[in-house]
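Written below as structure tokens is the structure these notes are about.
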Amino acid sequence: MPPPPVSSPPAPRLSPSAARAAEQHCLRLLAASSTPTSLLQSVAFLLKSGLHANPLVLTRLFAASASAAPALLDPLVAALLRPSVPLDAFLANTLIRAHATSPIPSVRLRAAAFFPLMLRGAVVPNKFTFPFLLKACAALPGSPDVGFQAHAAALKFGFATDQYVSNTLIHMYSCFGGGFLGDARNVFDRMPKESAVTWSAMIGGYVRGGLSSDAVELFREMQANGVQADEVTVIGVLAAATDLGALELARWVRRFVEREGIGKSVTLCNALIDTLAKCGDVDGAVAVFEGMQQRSVVSWTSVIDALAMEGRGKEAVRVFEEMKVAGVPPDDVAFIGVLTACSHAGMVDEGCGYFDAMKVEYGIEPKIEHYGCMVDMFGRAGMVERAMEFVRTMPIQPNPVIWRSLVSACRAHGRLELGESITRSLLHEYPAHEANYIMLSNVFALTQRWKEKSEIRREMSKRGIKKVPGCSIVELDGEVHEFIAGDESHPQYKDIYRMVEEMARELRRIGHIAATSEVLLDLDEEDKEGALQWHSEKLAIAFALLRTPPGTQVRVVKNLRVCSDCHAAIKCISQVYRREIVVRDRSRFHRFKDGSCSCKDFW
């Protein structure tokens with residue numbers, strides 16, 4: 001509900017001509033209000049002139065507050081929106097729009113509450129009412145019931161088939177989650193499709209719902225229908241390519257933008273940089289960056305992040321320094337990027353220097369993410385005690401991510417007792433998080449405490465907690481193929497499995513020994529080696545080796561961190577089959593070539 005109204009001072013009596021002149025002067029003041037101070041000066045004139053019940057003046061006031069002083073919007077509405085104010089569609093629509101577009105989350109949540117107020121005042125909504133009302137409903141947490149009611153109202157008043165309303169309906173249903181994408185598609189299928197905005201809304205909905213393959217397919221359908229894509233469409237397709245790790249699609253989109261003459265705004269170029277980088281073409285991302293005539297701090301940060309993901313820490317630091325020379329002050333996100341670069345490249349001294357410079361030179365108070373980067377950096381470098389001391393002296397409370405980073409460091413560097421102690425504390429405080437159970441289970445397995453490990457697994461089953469399965473995808477000839485460990489759903493799975501067995505024989509021939517400690521089960525060594533053999537990334541690589549000519553680069557995207565055995569095995573595969581193999585896991589890129597990895601075994 002809107003804030004309750006409070007009493008306003010009585011209006012002074014003005015002649016009609018004087019009232020009209022005061023109204024026009026107030027409207028000019030509001031049009032020029034660009035800061036909270038100037039807006040409050042306009043409000044003072046409004047009250048002094050007795051215009052607090054003038055719907056046109058209030059409409060302009062609330063619109064000006066939304067842009068010039070968002071924090072003042074609700075207090076002004078509470079003070080001035082009285083029952084005596086004659087509510088019309090223009091004023092009601094402005095209230096909904098001003099709240100729906102507010103940068104303040106709590107204000108956005110109140111946007112939809114002005115629609116019932118509109119109906120109770122017998123104000124008939126128009127086609128401008130529903131786009132912002134539906135946008136407000138899309139942002140409401142929890143139940144989508146309010147959105148259903150808004151859709152029903154649009155149908156009742158005859159605006160559901162309006163193109164702008166329909167586009168916003170698609171957006172709203174896609175924001176409700178994957179379970180409502182069918183409703184979004186129903187709206188899409190029933191409306192005219194001459195506009196790129198309509199296609200972009202549905203493409204963006206698929207991406208938000210995790211159906212990126214469907215988004216790409218719809219984009220191809222859009223092209224077949226002769227609808228010209230715009231910048232929003234391209235950004236949606238790039239988001240789908242990023243999700244799928246589809247490098248060839250990302251490169252094609254880059255060429256498409258050039259060929260179709262789509263304006264390369266800073267936003268579009270930033271999206272290209274991000275997609276190319278996350279699909280593995282960091283040099284291509286850098287080339288887009290270098291070709292930009294204008295750059296934002298996001299542009300610089302995207303390139304720094306891209307280089308960091310590939311372990312090219314020194315290059316990332318160089319770009320960070322170039323950003324400062326170019327007069328672009330680094331923000332807190334840029335510092336996360338450079339700290340991540342230092343962490344992934346083992347540049348501990350440089351990372352500590354940047355962390356100190358944040359506050360001393362730039363006045364940026366470190367956030368939990370910056371502290372997390374530092375803990376990760378110490379942990380990766382084997383400085384477990386220093387990481388622990390850093391956590392103990394943090395001025396803010398460590399979050400579970402930081403503690404889990406410490407546990408990973410303990411496991412990697414043989415500090416299993418400390419890792420177990422931290423994990424037990426995490427389990428006590430966060431009993432519903434699956435990662436805590438898995439980490440403790442792994443510690444028990446590494447110390448061959450199979451009984452305790454089984455108890456942890458039973459507790460997970462009892463609580464309905466399941467481990468996320470490993471999944472790898474590979475893009476070939478514009479088609480994305482997905483593999484899950486031990487999966488037999490692929491049409492060529494028999495050929496793929498035979499190729500995996502051949503790979504295992506070749507690796508044994510050159511002396512590779514599987515790191516069976518990664519198999520956290522009470523099995524004999526032969527069975528453990530077999531379990532490792534069918535990890536999803538090995539299935540994906542086997543498929544790529546079967547389907548591509550010798551010498552072709554292999555690219556794999558995995559949803560989890562690549563395990564130690566697969567990392568060692570892929571190094572050998574790159575050597576035996578003379579292939580460059582690029583694997584993007586959940587935290588970085590690994591570029592395998594001639595038996596070595598770009599991460600230098602530091603990940």
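Along the sequence shown, residues are numbered consecutively beginning with 1. Source: prediction; values computed, not measured.
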- Message: For W300 and F289, I'd like to know if the aromatic rings sit close, meaning centre-to-centre distance below 6.0 Å.
- Response: yes
- Task: Measure from the side-chain N and O atoms of D230 to the backbone N and O of V232, and report whether any donor-acceptor pair falls under 3.5 Å.
- Result: yes
- Message: With a 3.5 Å distance limit and no angle check, can you tell me whether T275 reaches the backbone of L238 through a side-chain donor-acceptor pair?
- Response: yes
- Message: Which label fits F320 and Y354: parallel for a plane angle under 30°, tilted from 30 to 60°, or perpendicular past 60°?
- Response: perpendicular
- Single hit among L268, T233, V253 for side-chain contact (heavy atoms from CB on, under 4.5 Å) with I262: L268
- Task: Indicate the atoms forming the closest heavy-atom contact of I273 with S299, along with that distance.
- Result: CD1-O, 4.5 Å
- Task: May I ask you to check whether F335 and H370 place their ring centres under 6.0 Å from each other?
- Result: no
- Item | L339 backbone acceptor or donor facing S343 side chain under 3.5 Å | no
- Query: Between the main-chain N or O of T548 and the side-chain N or O of T552, is there a donor-acceptor pair closer than 3.5 Å?
  - Reply: no
- Message: Using the side-chain hydrogen bond (donor to acceptor under 3.5 Å, both in side chains) definition, which of the options R380, R312, E310 pairs with H344?
- Response: R380
- Query: Can S574 and E580 be counted as having a side-chain donor-acceptor contact under 3.5 angstrom?
  - Reply: no
- Partners of F355 by ring-ring contact (aromatic ring centres under 6.0 Å, His included), sequence neighbours excluded? Y371, F390
- Item | Distance, nearest 0.5 Å, that separates CD1 of I203 from CZ of R208 | 11.5 Å
- Taking S38 for its side chain and S33 for its backbone only, find out whether a donor-acceptor pair lies under 3.5 Å. no
